[in-house]
Asks: 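This is the structure I want to talk about, given as structure tokens.
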Amino acid sequence: MPINTRASYIELGTSINSDNTLANPLSLPAPNELAASDEFSADAERNANNTMILQQVGRMQYVPQFTWNKLKNTDWWELNRWLRDYGVVFYVKQFKHTTGEIIISRHYRGNMNKASAAKTTEVLNGSVVPTHYLNCSVNLIDMG
């Protein structure tokens with residue numbers, strides 16, 4: 001099966017349904033840039049012989065930061081509204097680039113970087129608004 005790099009590349013949802021789909025889903029387009037890492041947590045100390053003793057704590061955590069060079073105004077607003085309404089704890093279904101798998105993991109919202117409004121505008125509901133936003137990004141914190 002080919003990797004989906006179009007709409008619904010990333011899905012956010014409030015819970016996992018019995019058929020492995022997400023409830024209250026929000027589908028996002030593929031990001032232009034995906035900085036992601038598997039973060040390792042460990043407890044380390046030296047013993048009486050001054051030898052380092054290391055033990056992994058918990059599991060590896062996948063921490064993605066999605067960046068879009070350009071998002072339609074409605075996509076940017078929908079993402080921000082969804083995070084405002086559901087963004088305390090939620091699920092993310094995505095392709096994990098470090099292992100090549102589709103995963104569903106529990107996250108909370110990290111930083112939402114400020115996007116720059118484009119200079120081109122349109123009229124929506126009687127208001128002049130930007131047609132799109134530039135350099136939009138959000139990072140998500142894996143809760144394990």
Side-chain angles (χ1 to χ4, degrees), residues 1-47 52-144:
M1 173 159 67
I3 297 169
N4 182 2
T5 58
R6 292 177 177 44
S8 77
Y9 177 85
I10 305 154
E11 288 182 336
L12 309 180
T14 55
S15 61
I16 303 172
N17 298 320
S18 60
D19 63 353
N20 223 28
T21 60
L22 299 180
N24 301 308
L26 173 66
S27 296
L28 300 172
N32 296 96
E33 186 177 323
L34 173 60
S37 61
D38 279 325
E39 294 187 4
F40 178 81
S41 296
D43 185 20
E45 62 183 327
R46 294 195 180 272
N47 65 14
M52 184 62 75
I53 305 297
L54 179 76
Q55 180 177 358
Q56 181 173 347
V57 177
R59 65 171 180 77
M60 298 289 277
Q61 291 185 297
Y62 186 63
V63 181
Q65 177 164 333
F66 305 110
T67 302
W68 296 271
N69 294 340
K70 180 179 176 179
L71 273 180
K72 291 188 309 184
N73 56 10
T74 53
D75 288 341
W76 180 242
W77 298 332
E78 186 177 24
L79 172 58
N80 279 280
R81 288 178 187 145
W82 195 95
L83 289 170
R84 177 195 66 200
D85 296 342
Y86 302 114
V88 177
V89 175
F90 53 91
Y91 291 86
V92 179
K93 186 174 188 177
Q94 63 186 310
F95 180 76
K96 184 176 179 183
H97 287 272
T98 58
T99 61
E101 305 168 291
I102 299 293
I103 62 167
I104 298 177
S105 50
R106 198 169 72 152
H107 291 259
Y108 67 91
R109 173 187 171 167
N111 292 329
M112 194 79 162
N113 291 346
K114 294 180 180 177
S116 302
K119 293 180 181 178
T120 56
T121 60
E122 64 182 339
V123 177
L124 285 178
N125 300 322
S127 297
V128 177
V129 298
T131 56
H132 57 278
Y133 289 85
L134 307 171
N135 303 317
C136 308
S137 70
V138 62
N139 66 333
L140 307 176
I141 313 302
D142 184 349
M143 294 182 63

Asks: Find out whether Ile141 and His107 are in side-chain contact, i.e. whether some heavy atom of one side chain is under 4.5 Å from a heavy atom of the other.
Replies: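 Sidechains of His107 and Ile141: no contact.
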Asks: Where the side chain of Asn17 meets the backbone of Asp19, is there a donor-acceptor pair that is under 3.5 Å apart?
Replies: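 Here the side-chain-to-backbone pair does not exist.
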Asks: Let me confirm one number: the CG-NZ distance from Asp75 to Lys70, rounded to the nearest 0.5 Å.
Replies: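 The NZ atom of Lys70 is 12.0 Å from CG of Asp75, to the nearest 0.5 Å.
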Asks: Can you tell me how far the CG atom of Asn20 sits from the CD1 atom of Ile104, to the nearest 0.5 Å?
Replies: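 So the gap between those two atoms works out to 4.0 Å.
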Asks: Could you work out, with side-chain contact (heavy atoms from CB on, under 4.5 Å) as the rule, every residue matching Val129, not counting sequence neighbours?
Replies: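 Val129 satisfies side-chain contact (heavy atoms from CB on, under 4.5 Å) with Asn73, Trp77, Glu122, Leu124, Ser127 once adjacent residues are dropped.
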Asks: Are Leu12 and Leu79 side-chain neighbours, meaning at least one heavy-atom pair lies under 4.5 Å?
Replies: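 When only atoms from C-beta onward are counted, Leu79 and Leu12 do touch, with a gap below 4.5 Å.
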Asks: Quick one: closest heavy-atom pair of Ala118 and Pro130, and the distance?
Replies: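 Nearest pair, atom of Ala118 first, then Pro130: O-CB, 3.7 Å.
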Asks: Within this structure, what is the CG-OG distance for the pair Asn135 and Ser116, rounded to the nearest 0.5 Å?
Replies: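 So the CG of Asn135 and the OG of Ser116 are separated by 5.5 Å.
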Asks: Could you state the interatomic distance from CG (Leu28) to CD (Glu11), rounded to the nearest 0.5 Å?
Replies: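 That separation rounds to 9.0 Å.
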Asks: Suppose we screen for side-chain contact (heavy atoms from CB on, under 4.5 Å). Which residues come up paired with Ser137, at least two apart in sequence or across chains?
Replies: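 side-chain contact (heavy atoms from CB on, under 4.5 Å) check on Ser137 returns Gln65, Thr67, Asn113.
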Asks: Do Pro31 and Ile10 have side chains that get closer than 4.5 Å, going by heavy atoms?
Replies: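 They are in contact (side-chain heavy atoms under 4.5 Å apart), so the answer is yes.
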Asks: Any side-chain to backbone donor/acceptor pair from Asn24 onto Thr14? Under 3.5 Å, distance only.
Replies: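 Flag not set: sc Asn24 to bb Thr14 has no pair under 3.5 Å.
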Asks: With no hydrogens and no angle check, is any side-chain donor or acceptor of Trp68 less than 3.5 Å from a backbone partner on Tyr133?
Replies: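 No; zero donor-acceptor contacts below 3.5 Å.
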Asks: Do Phe90 and Arg109 have side chains that approach each other closer than 4.5 Å (heavy atoms only, starting at C-beta)?
Replies: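 Answer yes - side chains close enough.
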Asks: Could you measure the distance from the CD atom of Gln94 to the CD atom of Glu101? Nearest 0.5 Å is fine.
Replies: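 Between Gln94 CD and Glu101 CD, I get 11.5 Å after rounding to 0.5 Å.
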Asks: Are any of the side-chain heavy atoms of Arg81 and Glu78 separated by less than 4.5 Å?
Replies: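 Counting from C-beta outward, Arg81 and Glu78 never come under 4.5 Å.
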